[in-house]
Amino acid sequence: MPVSNTEIAMLFDRLADLLEMEDANPFRVRAYRNAARSIGDYSSSMADLLAQHKDLSTLPGIGKDLAEKIRTIVETGKLPLLEEVEAHTPAALSELMKIEGLGPKRVKALYQQLHITSAEDLERAARSGKLRELKGFGKKIEEKILLRLEHFSGLEKRIRLLDAEVIVKPLLAWLQQTRGVKEVRVAGSFRRRRETVGDLDILVTASRGSEVMDRFVRYDQVKEVISSGKTRSSVILRTGLHVDLRVVTQASQGAALCYFTGSKAHNIAIRKIAVSKGYKINEYGVFKNDRRIAGKTEQDVYRQVGLAYIEPELRENRGEIEAARKNALPELVRLEDIRGDLHCHTRATDGHNSLEEMATAARARGYEYLAISDHSRHLTVAHGLDRKGLLSEIRQIDRLNEKLDDIVILKAIEVDILEDGTLDLPDSLLGQLDLVVAAVHYKFNLPRRKQTERIIRAMDNPCFNILAHPTGRLINERAAYEVDLEKIMTAAKERGCFLEVNAQPARLDLTDSDCKLAKDTGVKVAISSDAHSIGNLDYMRFGVDQARRGWLEADDILNTRKEDELRKLLQRH
DNA sequence: GCCGTTTTCGGCCCGACTGTTTTCAGTCG
């Protein structure tokens with residue numbers, strides 16, 4: 001299997017950790033970290049780019065040296081410089097740096113003076129009171145390290161956006177009730193609508209002397225207070241989620257919101273622009289010679305550095321700044337642009353509600369159409385429909401459509417793509433439907449080329465319209481199957497097919513960068529809830545968020561179309 | 001190690017909190 005971008009990024013990140021311990025030039029260290037991030041985020045794999053003879057040094061943060069190192073990694077799986085460094089600085093030290101409170105300097109001291117290379121070594125030394133004797137350490141640090149070690153697994157765990165929403169809601173209500181508090185907002189990756197969040201950044205606008213900090217650390221879900229100051233506090237909740245709270249005054253609100261929304265890479269890029277114009281940006285505003293010239297709103301901050309306003313979902317330093325400078329930012333799709341849902345289930349297979357209940361719920365959301373796409377027979381665990389079952393559902397939908405006059409129920413199916421690329425029901429039957437959603441539900445482990453061929457062969461069938469959850473991944477549960485998405489997107493465009501952004505919070509498949517790839521390829525996508533109950537229809541907003549992160553506009557989305565336009569697009573040529 | 005609307009050399013984002021210090025280094029975001 002070719003070396004993945006994630007693996008390359010991990011090697012560079014580890015190299016950065018170890019170099020930091022060796023007191024390497026901090027800017028060189030940063031260059032490796034930037035490269036790791038840039039590569040990890042990139043939508044095409046480095047291996048593919050090299051196979052196509054692309055010049056990697058044109059990628060942001062990648063110069064001649066790093067391009068060559070990437071080539072070596074792809075060709076040999078190894079990074080010689082890292083191996084050289086590991087000869088005198090064990091790779092395991094990079095793991096220790098993940099423990100909160102331990103950075104390069106302290107880890108280096110631990111290694112050089114106490115020969116500690118693992119979490120186990122560290123725990124032993126802390127228990128026997130040896131840590132406090134080191135210079136720069138003390139009793140408190142020793143205690144904290146022991147506390148952190150209890151829950152340290154070495155893996156950073158990010159939780160799904162929906163789970164974060166559930167956790168943050170009561171906390172916001174709790175903070176909102178504090179005297180002197182004007183506004184409470186969640187910033188960070190939560191506001192950028194990333195599919196997972198590692199921690200929560202909450203920004204409170206309050207008058208001076210507000211008690212909000214006291215109240216924050218007294219919240220009954222707080223397990224541990226990490227730090228607590230006048231403007232900034234940090235806690236860990238019982239769920240294990242890390243929450244940072246910052247308090248600012250109204251005059252700084254916009255600058256603070258920018259600052260704490262990030263991403264870090266975006267902020268750094270913005271601040272560099274400010275510096276080149278003779279300004280300084282921090283969380284309190286934009287300053288010229290210590291005089292604040294902007295900061296009340298985010299719009300002010302961007303305007304001051306000569307940029308159009310950038311939506312939070314785009315703030316990843318993936319080209320949005322250049323686009324803002326040229327006034328060429330996309331006009332991102334909004335939830336209100338969505339006219340219907342093209343993938344949902346009923347009780348006929350594994351859904352929880354009846355056809356009529358789903359229709360009523362969709363109408364209540366203002367939709368013009370709803371496609372009922374139950375499973376096909378191969379998916380036995382979901383009681384997939386056979387010929388008879390589907391015909392019965394078609395008749396029921398016809399009858400229901402006669403009764404409804406303000407929403408149209410589209411006849412659809414989520415048909416299995418079989419191993420050989422054929423569809424699970426005969427064309428004569430699929431031809432009677434308004435649209436066909438097709439999906440891979442088994443044989444996830446085919447080699448990349450075979451999986452790609454399987455899906456493209458399925459698209460050759462003129463009944464095929466939309467490829468559901470194109471990579472099959474489940475966030476934090478199951479990796480995507482090996483597939484060449486770029487090839488699939490090109491094939492879909494050529495054949496008049498579409499890809500789905502499945503809006504289930506655990507799927508969000510396509511990913512944000514895949515959405516961008518779809519846009520660049522010119523293939524349109526459907527944002528679909530894949531609802532298995534009436535409540536699930538609201539997952540649509542997560543799909544819209546993901547699409548926005550992928551730069552998609554209303555025009556890039558199939559289900560922003562009116563019914564007649566939608567039907568035209570579903571006609572294969 | 002990267003990068004260029006002053007630059008191919010000399011810069012590289014900025015502040016808060018903690019603990020161990022007696023004025024600041026380390027870490028974090």
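Computation of the quantities below employed the complete heavy-atom set of this structure, encompassing side-chain atoms and omitting hydrogens, waters and symmetry-equivalent molecules. Convention: sequence-line order gives letters A, B, ...; per-chain numbering from 1.
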Trainee: Taking only Lys NZ, Arg NE, NH1 and NH2, and the carboxylate oxygens of Asp or Glu, determine whether A:R148 and A:E123 approach each other closer than 4.0 Å.
Mentor: no
Trainee: Sequence neighbours excluded, which residues qualify as salt bridge (Lys or Arg N to Asp or Glu O under 4.0 Å) partners of A:E322?
Mentor: none
Trainee: A:R37: what forms a salt bridge (Lys or Arg N to Asp or Glu O under 4.0 Å) with it, not counting sequence neighbours?
Mentor: A:D41, A:E316
Trainee: Could you write out each protein N or O paired with an N or O of nucleotides 3-9 of chain B at a distance under 3.5 Å?
Mentor:
{"unit_1": "B:dC3", "atom_1": "OP1", "unit_2": "A:G61", "atom_2": "N", "d": "2.9"}

Trainee: Sort and list the pairs that fulfil side-chain hydrogen bond (donor to acceptor under 3.5 Å, both in side chains) and have at least one residue in residues 231-242 of chain A, not counting sequence neighbours.
Mentor: A:S234-A:H242, A:S234-A:D244
Trainee: Tell me, please, which residues at least two apart from A:E331 pass salt bridge (Lys or Arg N to Asp or Glu O under 4.0 Å).
Mentor: none
Trainee: In whole Å, I'd like the distance from the CG atom of A:L19 to the P atom of B:dC2.
Mentor: 13 Å
Trainee: Specify the residues of residues 27-35 of chain A, ordered by number, for which at least one heavy atom lies under 4.0 angstrom from an atom of DNA chain B.
Mentor: A:F27, A:R28, A:R30, A:A31, A:Y32
Trainee: Reckon A:P104 touches a base, only the sugar-phosphate, or nothing at all at heavy-atom distances under 4.0 Å?
Mentor: sugar-phosphate
Trainee: Give the rounded distance in Å between these two atoms: NZ of A:K264 and C1' of B:dC28.
Mentor: 8 Å
Trainee: How would you list, by chain and number, every residue that makes a ring-ring contact (aromatic ring centres under 6.0 Å, His included) with A:Y309, sequence neighbours excluded?
Mentor: A:Y302
Trainee: List in chain and number order the residues that pass salt bridge (Lys or Arg N to Asp or Glu O under 4.0 Å) with A:E142, two or more places apart in sequence or in another chain; answer none if no residue qualifies.
Mentor: A:R132
Trainee: Distance-only check: which donor-acceptor pairs under 3.5 Å involve side-chain atoms of residues 275-283 of chain A, not counting sequence neighbours?
Mentor:
{"unit_1": "A:S276", "atom_1": "OG", "unit_2": "A:I273", "atom_2": "O", "d": "2.6"}
{"unit_1": "A:N282", "atom_1": "OD1", "unit_2": "A:Y284", "atom_2": "N", "d": "2.8"}
{"unit_1": "A:N282", "atom_1": "OD1", "unit_2": "A:G285", "atom_2": "N", "d": "3.2"}

Trainee: Roughly, in whole Å, what's the span from CG in A:L200 to P in B:dG29?
Mentor: 13 Å
Trainee: Is A:N267 touching bases, backbone alone, or none of the nucleic acid, heavy atoms closer than 4.0 Å?
Mentor: nothing
Trainee: If you find the nucleotide of DNA chain B closest to A:G101 and the one closest to A:K69, which residue's nucleotide is nearer the 5' end?
Mentor: A:K69
Trainee: May I ask which nucleotide in the shown strands pairs with B:dA16, Watson-Crick or G-U wobble, both distances under 3.5 Å?
Mentor: B:dT27
Trainee: Just to be sure I understand the rule, does A:I99 reach a base, reach only the sugar-phosphate, or reach nothing, if contact means heavy atoms closer than 4.0 Å?
Mentor: sugar-phosphate
Trainee: Could you state the CD-P distance from A:E20 to B:dG1, rounded to the nearest angstrom?
Mentor: 15 Å
Trainee: Strictly by ring-ring contact (aromatic ring centres under 6.0 Å, His included), give each pair with a member in residues 80-121 of chain A just once, sequence neighbours left out.
Mentor: none
Trainee: Select base, sugar-phosphate, or nothing to describe what A:K277 touches, counting heavy atoms under 4.0 Å on all strands.
Mentor: nothing
Trainee: So if I define the base as every atom that isn't primed, P, OP1 or OP2, how would nucleotides 15-21 of chain B read as a B/S/- string at a heavy-atom cutoff under 4.0 Å?
Mentor: BSSSSS-
Trainee: Has the side chain of A:N25 got a donor or acceptor that lies under 3.5 Å from a partner of the other kind on the base of B:dG1?
Mentor: yes
Trainee: Can you tell me if A:T297 and A:Q253 form a side-chain donor-acceptor pair at under 3.5 Å?
Mentor: no
Trainee: Please, which pairs that meet ring-ring contact (aromatic ring centres under 6.0 Å, His included) have at least one residue in residues 14-33 of chain A, sequence neighbours excluded?
Mentor: A:F12-A:Y32
